[in-house]
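Each remark here refers to the structure printed beneath this line.
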Amino acid sequence: MDEPIELAVIIPTYNEADNVEPLLDRLKIALAGISWEAIFVDDDSPDGTADAVRAIAQRDRRVRLIQRIERRGLSSACVEGVLSSAAPYLAVIDGDLQHDERLLPEMLRKLKHERLDIVVGSRYVPGGGVGDWSDRRRFFSRIAGQAAKFILKADLKDPMSGFFLMRRVAFDPAVRKLTQQGFKILLDLFASTPAPLTFAAVPYVFRRRQHGESKLDSMAAWEYGMLLIDKLVGRLVPSRFILFGLVGGVGIFVHLAALGAALYAGIPFTIAQSIAALIAMTSNFAVNNVITYRDRRLSGWRFLTGLLSFYLACSIGAVANVAVASLIYAQNYAWWLAALAGALVGAVWNYALSSCYTWRRR
Ligand code: GDD
Ligand code: MN
């Protein structure tokens, strides 16, 4: 029988075809003397990353591939890679050579000797660094790191790191609680674990990318925001509802401003309230489309049909809105109080219907 595999190296990839072979060559050198396997988790990259992995796997049984169809996501890729392996020790490393694979043996040794749950490759401890990042990227990395402190139970210096090595027994209790959203698998893990994780950091310097390009974009930033909200309040209310509520809150001011202007122009209250509701609805739609439902964003023709369906779905809400507001206004209450009550009734309708119809999952 073959020697059992001790360390599984999970490598999420999207369009990294040119990096596969160089990375494996480096892993072979770095992991000499360790019984290891490499598991690539590729999201059906159009550049043929999966074929590149298979070609090598034909020659080397330590190399495996999970090819996911119509799926995207760094975190979920890592999770599935971990779950596909039986190894007691699991490393996660980027597939683009930006992480220093030479640290893996030291990380494994440290994990075992110090009986830790996880050893994190860190750019923000002495000896580590981010290399030649732009000021903008440094800035956003710092902000994201600060935000992470709110949801973390541990004093991690680099919670954004995508480079770490952990014990399977530390991963298993958290796996069902992970949001699996976006890029921040490590943060997700630390925020989701039922019992605090014992950990240590080893410094590394983030290398420059040689082939391909970064996939960290505004969508990744959005997913990060959703992860933060989810970890803060997700147990009570869905994070999407929170965003919808915030957008709606801003919409109330849009509504009040429009209503105030219309009344100032001498338009009768019921008509003014209707116009204000329409304006607020349109702006709420546009803002929700880029923030709340960024992952299901409607564009082009769909934007228009989506807007129409939003109007339609909310028309009941709008009728209730105007009716409630008019009723209260007729009781001689202040115009803004009447408007607020109407808008609130409308908002409840908006959320319920729009998430079912306008931005339904495809
Ligand atoms: N399967 C899969 N699916 N893999 C993905 C996806 C995806 O949707 N998106 C990115 N990857 C892979 C890339 O192919 C690469 O191997 C690795 O995940 C990291 O992605 P990059 O796009 O190179 O990220 P980066 O270098 O900009 O970001 C790095 O720094 C971040 C913190 O600043 C990464 O190390 C991140 O993990 C880290 O959070
Ligand atoms: Mn990268």
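Whatever order the structure lists them in is the order used to number ligands and atoms, beginning at 1. Residue indices begin at 1 and follow the sequence shown. Quick note: numbers below take in every heavy atom, side chains included, and nothing from hydrogens, waters or symmetry partners. Just so it is clear, the structure is predicted and the values come from calculations on it, not from any experiment.
The closest protein non-hydrogen atom to atom 37 (O) of ligand 1 is G162 CA, 3.5 Å. Residue, atom and distance of the protein heavy atom nearest to atom 22 (O) of ligand 1 are K215 N, 2.5 Å. Closest to atom 26 (O) of ligand 1, if we only count protein heavy atoms, is Q98 OE1, 2.9 Å. Of all protein heavy atoms, the one lying nearest to atom 18 (O) of ligand 1 is L74 CD1, 3.3 Å. Of the protein's non-hydrogen atoms, the one nearest atom 6 (C) of ligand 1 is Y14 CB, 3.8 Å. Protein heavy atom at the shortest distance from atom 8 (O) of ligand 1 is R72 NE, 2.6 Å. At the top of the distance list for atom 20 (O) of ligand 1, counting protein heavy atoms only, stands F183 CE2, 4.0 Å. For atom 34 (C) of ligand 1, the closest heavy atom belonging to the protein is D94 OD2, 3.0 Å.
Ligand 1 has a nitrogen or oxygen under 3.5 angstrom from a nitrogen or oxygen of S214. Taking any N or O of A77, backbone or side chain, none lies under 3.5 Å from an N or O belonging to ligand 1. On a distance-only criterion, T13 and ligand 1 share at least one N/O pair closer than 3.5 Å.
Under 4.0 Å from ligand 1, not a single heavy atom of F140 appears. Neither the backbone nor the side chain of R138 comes within contact range of ligand 1; no heavy atom lies under 4.0 Å. At a heavy-atom distance under 4.0 Å, no atom of I11 approaches ligand 1. Counting heavy atoms under 4.0 Å from ligand 1, residue E16 touches it through the side chain alone. Contact annotation: for F163 versus ligand 1, there are no heavy atoms closer than 4.0 Å.
A cation-pi contact, defined as under 6.0 Å to the ring centre and within 45° of the axis, is absent between R123 and F163.
Here the straight-line distance linking atom CG of L116 with atom CG of L111 works out to 6.0 Å at 0.5 Å rounding. Atom OH in Y204 sits 5.5 Å away from atom CZ in F206 (nearest 0.5 Å). Expressed to the nearest 0.5 Å, how far CZ of R240 lies from CG of D230 amounts to 11.0 Å. Separation of atoms OG (S355) and OH (Y293) is listed at 4.5 Å; rounding is to 0.5 Å.
Note on D96: its N/O/S atom closest to the Mn ion (ligand 2) is OD2.
The shell of residues lying under 4.0 angstrom from ligand 1, judged by heavy atoms, excludes F164. Residue contacts with ligand 1 leave out R71, since none of its heavy atoms falls under 4.0 Å from the ligand. Using a 4.0 Å cutoff on heavy atoms, S141 does not count as a contact of ligand 1.
The closest non-hydrogen atom to atom 30 (O) of ligand 1, taken over M160, R137, H99, comes from R137. Between the choices M219, R209, Q67, the shortest heavy-atom distance to atom 21 (P) of ligand 1 belongs to R209.
A salt bridge does not link R71 with D43: none of the charged nitrogens is closer than 4.0 Å to a carboxylate oxygen. Under a 4.0 Å N-O distance rule, the pair K112/E6 qualifies as a salt bridge. Taking 4.0 Å as the cut-off between side-chain N and carboxylate O, R297 and D295 do not count as a salt-bridged pair.
Between Y329 and F269, the ring planes are parallel. Angles under 30° get that label, and only those over 60° would be called perpendicular.
Atoms of ligand 1 found under 4.0 Å from any heavy atom of G95, numbered from 1 in the order shown, are 15 (C), 16 (O). In summary, the atoms of ligand 1 found under 4.0 Å from a heavy atom of W133, numbered by their order in the structure, are 33 (O).
Side-chain contact annotation: R294 with S218, donor-acceptor N/O pair under 3.5 Å present.
Connection of V345 to L327 is not established within any shared hydrophobic cluster, with ILVMFWY side chains joined at heavy-atom distances below 4.5 Å, either directly or through further cluster members. Tracing side-chain contacts under 4.5 Å through hydrophobic residues (I, L, V, M, F, W, Y), one never reaches L74 starting from V9; they form parts of separate clusters.
The Mn ion (ligand 2) has Q98 among its coordinating residues (N/O/S atom, backbone or side chain, under 2.8 Å).
Counting only residues at least two apart or on different chains, no ring-ring contact (aromatic ring centres under 6.0 Å, His included) pair has a member in residues 54-77.
A search for side-chain contact (heavy atoms from CB on, under 4.5 Å) contacts involving R62 returns K28, W36, D60, not counting sequence neighbours.
The two residues G121 and M107 have their closest heavy-atom pair at N-CE, 3.8 Å.
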